[in-house]
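So that we are looking at the same thing, I have put the structure below in structure tokens.
Computed from heavy atoms alone, side chains included, the values below leave out hydrogens, waters and symmetry copies. The sequence lines fix the lettering, A, B, ..., with proteins before strands; numbering per chain opens at 1.
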2 protein chains.
Amino acid sequence: MLFNKITLLNENFEIERDMYVGVKDDRIAYIGKEKPEGDFGEEYDGKNRLLMPGFYNAHAHSPMSLMRGYGENLVLQDWLTTKIFPFEDQLDSNAVYWGTLLCMAESLKYGIVSSSDMYYFIPDMVNAVMDSGAKSNISRSIANPMGIPYDELPSIEEAKESLRYHGYGNGRILIDTSLHAEYTNNVETATRLAEFTKEAGAIMHVHCSETKLEHDECKSRHGKTPAQFYNDCGLFDGPALAAHCVWCEEEDLIIFREKGVSVATNPMSNLKLASGICDVTEMQKMGINVALGTDSVSSNNNLNFFEEMKVMATLAKVKKMDPTVITPKEALMMATLNGAKAQGRADCGCIALGNKADMIVLRTDTPNMHPVHNMLNNLVYSASSGDISMTIVDGKVLYKDGEYTTIDIEKTIFEAEVATEKILKKL
Amino acid sequence: MLFNKITLLNENFEIERDMYVGVKDDRIAYIGKEKPEGDFGEEYDGKNRLLMPGFYNAHAHSPMSLMRGYGENLVLQDWLTTKIFPFEDQLDSNAVYWGTLLCMAESLKYGIVSSSDMYYFIPDMVNAVMDSGAKSNISRSIANPMGIPYDELPSIEEAKESLRYHGYGNGRILIDTSLHAEYTNNVETATRLAEFTKEAGAIMHVHCSETKLEHDECKSRHGKTPAQFYNDCGLFDGPALAAHCVWCEEEDLIIFREKGVSVATNPMSNLKLASGICDVTEMQKMGINVALGTDSVSSNNNLNFFEEMKVMATLAKVKKMDPTVITPKEALMMATLNGAKAQGRADCGCIALGNKADMIVLRTDTPNMHPVHNMLNNLVYSASSGDISMTIVDGKVLYKDGEYTTIDIEKTIFEAEVATEKILKKL
């Protein structure tokens, strides 16, 4: 494909106008001011359009889409024990497949090209992501609240088996490992999983200090914070991604910096569950790789990434009572490049020659995108998800003006609802 | 017009399915389970569509759309003195007309049917709103920082003259009065404006305790809070609307309740300018009429009202560290009915027989709106502005699937940009 005379958010996250961007197979094959020679296939007029990198969702639980809006306005513990856990107990392969596909449809609508997706029923998640054309770093979440010996944990077996999917779809599927949390695991499980993760060379995806209660209880139990617990168990010895980090302390951030741990901040979910406000400004200042996540839609309750980015950037300002923190460029990088980095996707996250063609085409002929004093400001604070015209993954148009090329949206909604109703009947 | 078998958010803010809703002229003429007799004109299939009241934006400065993204990431005082005030000094009739029309186009895209719009160049604002088909409570903002005698203030003359527009467009235009703020006025101006407002029977629209600095300085100057200052000057003796109220104290809220003052909360602007988080939960509990506003797009930076509603509801939860506060029904009422009340529009704000037909048609066949455990939850937390299919004001379709019936959007964007460039050249 070739975009003619389009406005481009380039690899330095600066705006260039009237650019030609060519894609061959799954990669960016041309970026320039002149129209390139050769055949790039379908041509798209860049008038009133902006080309930017797709969004990398650094923390998701896709199958939980089936629980969207299920049991709202409850305190976390009630919500989990009376609603989420009983529902999850009834999940099966079919439900997870359709729940994940529904989430992939929603992701593509909102410009998300890849997700760090922690859950279970991995084969069904892989199938749905493969069918959708999107990308995902999928991890089998290990929770062992009963303290079963590590070698007897069925979930560990599943985690090991899931590794066979690593690299599927020309690298669209990557398999991470995941310790669900400190409060759902013991030292043995954490330590042994860390060893397995190192052997596999996988990325470790953990929940970390989401709520004050979790943070404080960990300190009572172990005399250390969740981040320190994970670090001492070896979970941060390889590449790692810590989600939430709302209550992390300075020492935790020093660990993240020294061990190169990425943080996935989930501002909307943290607001909605009244967990708190993550101090992304401090993390950025320290040089930590901060990426953006949605968490599941059952605590968000959508995957509107433009909304997520704006809320992250503006919430950071009120957290510091300082409107100058988090520049639009930083916000855009957190939503794209930093997420790709957290997913170990070195050739993704920005529109650069040779990179994978994971891109969003945004309409700019909308009243909310004018005037243009500064396009970066407009992208972060004024753009809406409804302005997304196309979502492209590995050079393939997966979403265009409300239509999907890979997903039968009517059937997906229908099957997801049927699966949901089946589960509700059992409760 | 007649909607056939549509999902309806009814006047009690509950969901009814497969409803027939008929409009004759500018009013709701039929609501029922059976198809009505008689001719209602054009029929719309309600399949995969939801009909809800339009949004009432309780605090706006529409002409400031020309300053969208102009001078971002600055502290408030720098932003105002180096960017906003110099730009505003160069505004003229033409710029205000196109800036307002651009904002009306954006409002309609985002489902806003009516705005409480405080600014100046009132005739041009009226013209733009009239041309757009939308509604507005327009007020000439009085700021008298130099302490000019009240009777010599040109702005007072303009405020008085603007009253002739009251009721224009079959009541679409209402004229409010406005004291800009305590810190830009003295006791004489406030007191005399209060008298004029009472004579005119107008609604008084004020900025109130937006920042801690403003709040504290008022206390230093007058020994009372802005709300107490306004009350003592008589500004709350008639209907009144106080915008922001981020730093209001308990005594202030008691005044609001006793005097029936509505509050316009502007969560996104308050985040972006790092002003703070308004305690809407406390206000709601006390029975104060809390409505929702966007503030200007130069501090927001769009009019995405679904986003605004979600941010308001979730921010309230983190403010109280309690996820149970602000129910979806309360959030929806704040965005609609409470705003209409604050604007003195007794026959607006909900879909009830005989009310003005100010409505949004929302697409529900989108992945983010499924499954439907509870449609109210989905409306507040999962809907996106891009799902808005139609915006209807006084029974007229003004926006439908990206197209406007009253506004030439290409020309409006063009003229707004030309007006902006002209001003920038003078700076």
Can you tell me which portion of Leu102(A) sits under 4.5 Å from chain B's heavy atoms? Options are side chain, backbone, both or neither.
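Leu102(A) touches chain B through backbone and side-chain heavy atoms alike.
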Tell me, for Leu303(A) versus chain B, whether the close heavy atoms (under 4.5 Å) come from the side chain, the backbone, both or neither.
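Neither part.
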Using a cut-off of under 4.5 Å on heavy-atom pairs, state which of Glu421(B), Glu417(B), Lys212(B) scores highest against chain A.
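Greatest number of close heavy-atom pairs with chain A: Glu417(B).
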Side chains of Lys317(A) and Asn270(B): do they bring a donor and an acceptor to under 3.5 Å?
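The answer is no; no qualifying pair exists.
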Is Val325(A) close to chain B through its backbone or its side chain, or both, or neither, when contacts mean heavy atoms under 4.5 Å?
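Looking at Val325(A), just its backbone touches chain B.
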Heavy-atom pairs under 4.5 Å with chain A - which of Met67(B), Met375(B), Met268(B) has more of them than the others?
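Max contact count across the listed options: Met268(B).
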Does the side chain of Asn304(B) pick up a donor-acceptor pair with the side chain of Lys310(A) at under 3.5 Å?
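Asn304(B) vs Lys310(A): no donor-acceptor pair found between side chains.
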Decide whether Tyr70(A) and Asn374(B) meet the rule of one side-chain donor and one side-chain acceptor closer than 3.5 Å.
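Distance-only check fails for Tyr70(A) and Asn374(B).
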Let me know if Ala316(A) has heavy atoms under 4.5 Å from chain B in its side chain, its backbone, both or neither.
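Answer is neither: Ala316(A) stays 4.5 Å or more from chain B.
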Taking Gly69(A), Ala383(A), Gly386(A) one by one, which has the highest count of heavy-atom pairs under 4.5 Å against chain B?
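Going by pairs under 4.5 Å, I would pick Gly69(A).
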Taking all heavy atoms of Tyr381(A) and all of Asn302(B), pick out the closest pair and write down the distance.
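Heavy atoms only, the tightest pair is O-ND2, 3.6 Å.
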Selection from Arg68(B), Lys320(B), Lys319(B) maximising heavy-atom pairs under 4.5 Å formed with chain A:
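Option with the top pair count is Arg68(B).
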Tell me which of these, Asp365(B), Thr366(B), Asn368(B), Asn301(B), has more heavy-atom pairs under 4.5 Å with chain A than the rest.
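So the answer, after comparing Asp365(B), Thr366(B), Asn368(B), Asn301(B), is Asn368(B).
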If I measure from the heavy atoms of chain B, does Ile413(A) come under 4.5 Å with its side chain, its backbone, both, or neither?
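When you check distances to chain B, only side chain atoms of Ile413(A) fall under 4.5 Å.
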Tell me, for Ala416(A) versus chain B, whether the close heavy atoms (under 4.5 Å) come from the side chain, the backbone, both or neither.
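Neither part.
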Looking only at heavy atoms, which two atoms of His373(B) and Leu66(A) are closest? And how far apart?
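That closest heavy-atom pairing would be NE2-O, 2.7 Å.
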For Ser385(A), which atoms come within 4.5 Å of any heavy atom of chain B: side chain, backbone, both, or neither?
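Only the side chain of Ser385(A) comes within 4.5 Å of chain B.
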Could you tell me which portion of Tyr404(A) (side chain, backbone, both or neither) has an atom closer than 4.5 angstrom to a non-hydrogen atom of chain B?
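Side chain only.
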For Pro323(A), which of Asp78(B), Leu271(B), Val75(B) qualifies under side chain to side chain contact (heavy atoms under 4.5 Å, CB included)?
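It is Val75(B), the one option of Asp78(B), Leu271(B), Val75(B) that forms the side chain to side chain contact (heavy atoms under 4.5 Å, CB included) with Pro323(A).
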When heavy-atom pairs shorter than 4.5 Å are enumerated against chain A, which of Ser382(B), Gly71(B), Ala419(B) gives the highest number?
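Top option by heavy-atom pairs under 4.5 Å: Ser382(B).
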I'd like to know which of Val318(A), Val380(A), Ile388(A) tops the heavy-atom pair count under 4.5 Å against chain B.
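Winner by heavy-atom pair count: Val318(A).
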Max heavy-atom pair count under 4.5 Å with chain B, selected residue of Leu315(A), Asn300(A), Asp387(A), Val297(A):
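Answer, by heavy-atom pair count under 4.5 Å with chain B: Asn300(A).
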Counting only non-hydrogen atoms closer than 4.5 Å, does Phe306(A) touch chain B with its backbone (N, CA, C, O), its side chain (CB onward), both, or neither?
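Neither part.
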Taking the side chain as every heavy atom from C-beta outward, state whether Leu74(A) and Thr324(B) have any atom pair closer than 4.5 Å.
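The answer is no; the side chains never approach within 4.5 Å.
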Please look at Lys109(A) and chain B and tell me whether the side chain, the backbone, both or neither of the residue comes under 4.5 angstrom of a heavy atom of that chain.
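The answer is the side chain of Lys109(A).
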Heavy-atom proximity to chain B below 4.5 Å, by part of Thr412(A)
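No part of it gets close to chain B.
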Got a second to check how far His370(B)'s NE2 is from Ser65(A)'s OG, nearest 0.5 Å?
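Reported to 0.5 Å precision, the distance equals 11.5 Å.
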Kindly indicate whether the side chain of Leu273(A), heavy atoms from C-beta on, has any atom under 4.5 Å from the side chain of Thr314(B).
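SC-SC contact between Leu273(A) and Thr314(B) ruled out.
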Hey, what do you get for CE (Met321(A)) to OG1 (Thr211(B)), rounding to the nearest 0.5 Å?
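Between atom CE of Met321(A) and atom OG1 of Thr211(B) there are 8.5 Å.
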